[in-house]
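As a basis for the values below, the full set of heavy atoms in this structure was taken, side chains included, without hydrogen atoms, waters or symmetry mates. Convention: sequence-line order gives letters A, B, ...; per-chain numbering from 1.
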Amino acid sequence: MKPAALGPNKNAKGRSKTGNLFTEIWKHRMTYTLLIPGIIWLILFAYLPMGGLSLAFKHYKANMGIWGSPWVGLENFKYVFRDPTFAQAVWRTLYINIIKLIITFPFPILLALLLNELRMRKTKKLFQTIFTFPQFLSWIIVSGIVINVLSYDGLLNSALQLLGLPTINFLGSEPMFLPMLILTDIWKSTGWGAIIFLAAISGIDQDQYESAQIDGASRMQQIFKITLPNILPTVTVMFILNVGGLMSAGFDQIFNLANAATQNVSQVLDVYIYRITFQSSTDFSFSTAVSLFRSLVNMILLLAADRVAKLMGGDGLFR
Amino acid sequence: MNTKKLFKPLLAVALSAVMLTVTACGKDTASSGGNEKDADGNYKDKLKISVAQTTEVKDGVLDNEFHKFWMDKFNVEWDYNYVQWDSWPEKLRLWINSGDLPDVASWNYVHGDFMNYVDQGLLYKFPDDWKERWPNVAAAYKLTGLGDKLEELTGGTYILPKPVYYQNKPADPLVNQIGVIAIRKDWAKAVGFELKDAYTTSELIHYAELVKEKDPGKLGSKLVPISYTADDALTNIIMANSEHSRVESAFYKGEDGKFHWGPADPETLTGLKLMQKAYKEGLLNPEFYTWKNNEGSDNFRVKGVAAMMSLGGLASYRQDMDKNMQKNLGVSSDDLVHTAIVLGDDGKYRNLEQPNFWSALIFSPNISKEKFERIMDIIDYSTTKEGQMLLNMGFEGKDWKYDENKEPVSLLPEGTTLEDKYPARFEGLYILGDDFSIVNPAIKKEYRDRAVELFKEKAKLGSEGGKLATYDWDVQLYDSKAKSQASFDYQNEYANLILQGGDLEANWKKWVQSKQSLVQPVLDELNSKFAK
C-alpha cells in the first residue's frame with residue numbers, strides 16, 4: 001500500500017487532517033477569498049438549477065412551482081420514447097457531432113503549432129487576431145453570410161452563372177449540409193480553440209528546444225518530439241471535454257443553417273428540445289425529461305472518454 | 001496580513017451577492033390608481049398600461065394626434081411591446097409561463113395551452129358581471145362562439161376571442177379568407193390564358209408553364225412563375241386538393257363516423273404530386289421553402305417578377321397590393337392584377353369553415369382591478385360604431401364625413417391612406433379589421449365588392465358539392481398530452497417530402513407510417529370519446 005501523500009509527517013506532529021486543511025486555507029486566504037464569487041456563481045447558476053431537473057418526473061404547473069408540482073414518475077419519459085423523432089434526433093446528434101469532432105478537433109492544434117513556429121511577434125499577433133475574430137460573430141451573423149453566399153441567387157451561384165456553369169442548390173441539399181456545418185465550424189472556431197493550445201505550448205520549458213537545437217533537431221522533429229508530447233495532456237483534456245458535450249453541441253449553428261429541405265439531416269436533439277418547448281404546446285416537464293436524458297448520455301460519454309484516455313496511458317480528467 | 005485587509009474583499013463579495021439577490025428577487029411595484037372620473041367625465045388618475053401586440057409601433061409614432069386622442073380620452077400612458085410575427089407564439093409562451101405577461105396582450109389562441117394556463121392560474125379571471133358592465137364587448141364576444149364554449153369548460157371568462165366579423169359578415173357559411181390568388185392579368189392575356197373566377201390547381205400550373213415558356217415580362221432568369229412560400233403552397237396547392245391537410249383540420253370525423261388523420265388521405269398525395277410537379281418544372285422558386293412572411297408576395301407586388309402569388313380574400317390585402325405596386329413599380333394594379341379562387345383538380349372547392357374568431361386578448365393574472373377596468377373601457381368604446389369609425393376612418397370632419405346619402409366618404413388626399421397619416425393604430429385591440437374592411441370607404445369599392453363576391457362564391461361552391469372542413473368543436477376543444485404531441489409543422493413536412501429524391505408516393509407512405517406512433521393514440525382517444 002502506498003503511503004498517503006500528505007499523511008505521515010504531519011500526523012507525526014499529532015495534528016488532525018481537518019486542522020491541516022484549515023491551516024492551509026488560512027495560509028492562502030486571499031486566494032480562497034478571490035474564489036468565492038466563482039463558487040457563488042457556480043452554486044447559483046450550475047448547482048441550484050439542478051433542482052429543476054426534478055421536473056422530468058413531475059407534471060409542472062407554474063402556479064405550484066417546481067417543488068409543489070405533482071410527481072408523475074416516469075410518465076414524461078414514456079412520451080419521450082414514444083416519439084420516433086426523438087430517437088432519430090439522438091442518433092443524428094451523435095452522428096453529426098462525432099464526425100465534426102473527428103474532423104474539426106485537430107485544426108486548432110495544427111493552427112497553434114503553425115502560429116508557434118512564426119518567429120516575428122507582430123506577424124504572429126496579426127494572424128492570431130485574424131483567426132480569432134470569427135469566434136466573436138454570432139451564428140446568426142455567420143449563417144446570414146453563408147446564406148448570402150450559397151443561396152440560389154447568392155455570390156457563388158452568380159459566379160457559376162457568369163462562368164456558364166449550372167447553379168447548385170447548396171442550401172437545400174442534404175448531402176451538402178454536414179460539410180457546410182464542418183466548414184463553417186472550422187472557420188469560426190479554429191482560432192479561438194487554438195488559444196488554449198498556444199498557452200500550453202508557451203508553458204513548455206525552452207531548455208528542451210535549446211538542447212534539441214544543439215543536437216541538430218529540425219523544426220519538424222522539435223514539433224513531433226517536444227511540442228506535441230508536452231501539450232498532449234492538454235489535448236487529452238480538451239478531447240474528453242469535447243466528447244462530454246457530444247449530445248449538446250451546435251444548436252445555434254444548425255438551427256440557423258437548416259431549412260425544410262434539410263430537416264431530415266438537421267434535427268439534432270437541441271433543435272428537437274427547442275421545437276417541443278417553444279413551437280408546440282408548452283410542456284416543460286417533457287422538455288426537461290429530454291434534457292435530462294441528454295445530460296445523462298453526455299455524462300456517460302465523458303466518463304467513458306476519461307476511462308479510455310487513462311487506459312491508453314494518458315491523464316484523465318478525474319484523478 | 002491583518003483582518004482588515006481580508007474584510008474588504010469579503011465585503012465586496014457580500015455586497016455583490018446582496019445586489020444579485022435583490023435584482024433576482026425584485027418585483028415590479030405595480031402602480032395602482034382609481035377609475036374615478038371628474039365632473040367632465042374624464043378619468044382622474046393616469047394609468048400606465050403595458051400592452052403587447054403584433055403591430056409595429058416605431059419611435060415617435062405615439063406622439064401623433066390619433067394615439068394622443070386615445071391616451072387623453074382614457075388618461076393612459078402606453079408601455080407598448082411590439083411582438084414580431086415570427087416569434088409571437090414563443091414570446092407569449094415565455095411571458096405567460098414566467099409570469100411576465102404585460103397587462104394586456106394579443107395571443108394566438110391554442111386550446112391545449114389555454115386549458116393549461118387556466119389550470120395553473122396564469123390568466124386573469126374576469127369578474128362575473130363583466131358582460132353587464134361592458135355590453136358592447138359582450139355583444140362582439142357572443143358572436144365568436146368560442147367564448148361561451150370555453151366558459152362551459154372552465155366556469156368563467158379568461159380570454160376574449162377576437163371576432164373576425166361583427167356587423168358585416170360577408171357570406172354564409174363563412175369560409176376562411178385564405179385560398180385567393182392573384183395572377184398577372186397582362187401576362188395572362190399575352191400568353192392566351194383565359195381569365196376566370198376560379199381555376200383548378202392544374203390550370204394555374206399550366207398558366208405558370210405558359211408564362212415560363214413565353215416570358216411575356218422579358219425577365220429571363222429573374223422570373224418566378226409561382227411565387228409561393230411553403231405555407232402558400234400548402235394553402236393553394238395541397239389544401240385545394242385535400243381539405244384536411246392543414247393543422248386546423250388534420251384530425252376529423254369521416255363519413256363513417258370514425259376519426260381520421262387528413263395528411264394520410266390520398267387527396268393529400270394528389271396535392272403533393274402537383275406541388276412536386278410545380279417544383280420540378282421550375283415554376284416554384286428553387287428555395288421557396290426558405291422564404292419567410294412576405295418574401296413570396298414581394299416578388300409580385302414589389303419586384304414585379306412573379307406571375308402568381310397567394311393573396312388572401314380580404315379587400316384590405318388587395319388595397320395593400322395596389323399601394324405596393326404603385327409605390328414600387330409605378331403602376332396601377334387594376335390593369336395588371338386578376339384575383340381568383342383555387343379549386344382542386346377534381347373541380348371541387350375546398351377550404352376551412354371559419355369560426356368567427358382569430359386569436360384572443362389575454363390579461364396578466366397580476367393586473368390591478370383599475371387597470372383591467374380601464375382597458376375594458378377602452379375595448380368597449382372601440383367596439384361601438386363611433387369607436388370603429390374612429391379606428392378605421394380617422395376623425396369625423398377631418399379625415400372623413402357623411403355624404404348626402406349618409407354614406408361615409410374619406411377626406412384624405414388621393415393616394416393617402418389612414419395608415420400613412422396615423423401609423424400603427426393598435427388601439428383597435430378587439431374587433432379585427434376584417435369586419436370593417438367590407439364597408440370601409442377608404443378601400444376602393446371595386447376591391448370591397450370583389451372580396452365579398454369571392455366570399456360568396458366560396459360559400460356557394462363550398463356548400464354545393466364542395467368540401468369544406470367543418471370546425472368540429474369536439475376535436476378543437478379536446479385536450480390531451482397525446483394531441484399536443486401530435487402537432488406537426490405541416491408546411492415544412494410537405495415541402496421536405498416533395499424535395500426528397502425517389503418516388504413521392506413511397507416517401508409519403510413512409511412518412512405517414514413514421515408519424516403513426518404519435519397519430520394513432522390521438523385517433524384512439526378521439527374515437528373512444530366522440531365516434532359514433
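Atom CD of B:Q516 sits in a crowded spot, with more than 12 heavy atoms from other residues, nucleotides or ligands closer than 6.0 Å. Within 6.0 Å of the OH atom in A:Y95, the count of heavy atoms belonging to other residues, nucleotides or ligands does not exceed 12. Dense packing is recorded around CD of B:Q520, with more than 12 heavy atoms of other residues, nucleotides or ligands lying under 6.0 Å away.
Atom CZ of A:F284 and atom CG of B:N116 lie 10.5 Å apart (nearest 0.5 Å). For the atom pair CH2 of B:W511 and CG of A:N264, the computed distance is 11.5 Å after rounding to the nearest 0.5 Å. Atom CG in B:L518 sits 13.0 Å away from atom CZ in A:F86 (nearest 0.5 Å). In this structure, CG on B:D489 lies 8.0 Å from CZ on A:R275, to the nearest 0.5 angstrom.
Taking 4.5 Å as the limit, every side-chain heavy atom of A:K61 sits out of range of all side-chain heavy atoms of B:L122.
Across every non-hydrogen atom of A:A260 and B:Y289, the tightest pair is CB-CB, 3.9 Å. Between A:N169 and B:P286, the closest heavy-atom pair is ND2-O, 3.6 Å. Counting all heavy atoms, side chain and backbone alike, B:N496 lies closest to A:A261 at ND2-O, 3.4 Å. Annotation for B:E90 and A:Y274: closest pair OE1-OH, 2.7 Å, computed over non-hydrogen atoms.
The interface of residues 171-185 of chain A with chain B, defined by heavy-atom distances below 4.5 Å, comprises A:L171, A:G172, A:E174. Scanning residues 140-159 of chain A against chain B with a 4.5 Å heavy-atom cutoff picks out A:L150, A:S151, A:Y152, ordered by number.
If you measure heavy-atom distances from B:A486 to chain A, you find no contacts under 4.5 Å at all. Looking at B:Y494, neither its backbone nor its side chain comes within 4.5 Å of chain A, counting heavy atoms on both sides. When heavy atoms are compared at a cutoff of 4.5 Å, B:P365 does not approach chain A at all. Neither the backbone nor the side chain of B:I96 comes within contact range of chain A; no heavy atoms are under 4.5 Å apart. Heavy-atom distances place the side chain of B:Q500, and not its backbone, under 4.5 Å from chain A.
Counting only distance, with no hydrogens or angles, the side chain of B:S517 and the backbone of A:R82 share a donor-acceptor pair below 3.5 Å.
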Evaluate the side-chain contact (heavy atoms from CB on, under 4.5 Å) criterion for residues B:E287 and A:F170: first the C-alpha distance (whole Å), next the side-chain angles of each, then the deciding distance (0.1 Å), finally the verdict. CA-CA 10 Å; B:E287 289 172 347; A:F170 293 105; over 6 Å; no
The test is side-chain contact (heavy atoms from CB on, under 4.5 Å); show your working for A:N76 and B:K481 and say whether it passes. CA-CA 10 Å; A:N76 291 312; B:K481 198 153 185 161; 2.7 Å; yes
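When each of B:Q485, B:K222, B:K483 is checked for heavy-atom pairs under 4.5 Å with chain A, B:Q485 comes out on top. The greatest number of non-hydrogen atom pairs below 4.5 Å with chain A, out of B:I498, B:N97, B:D119, is found for B:N97.
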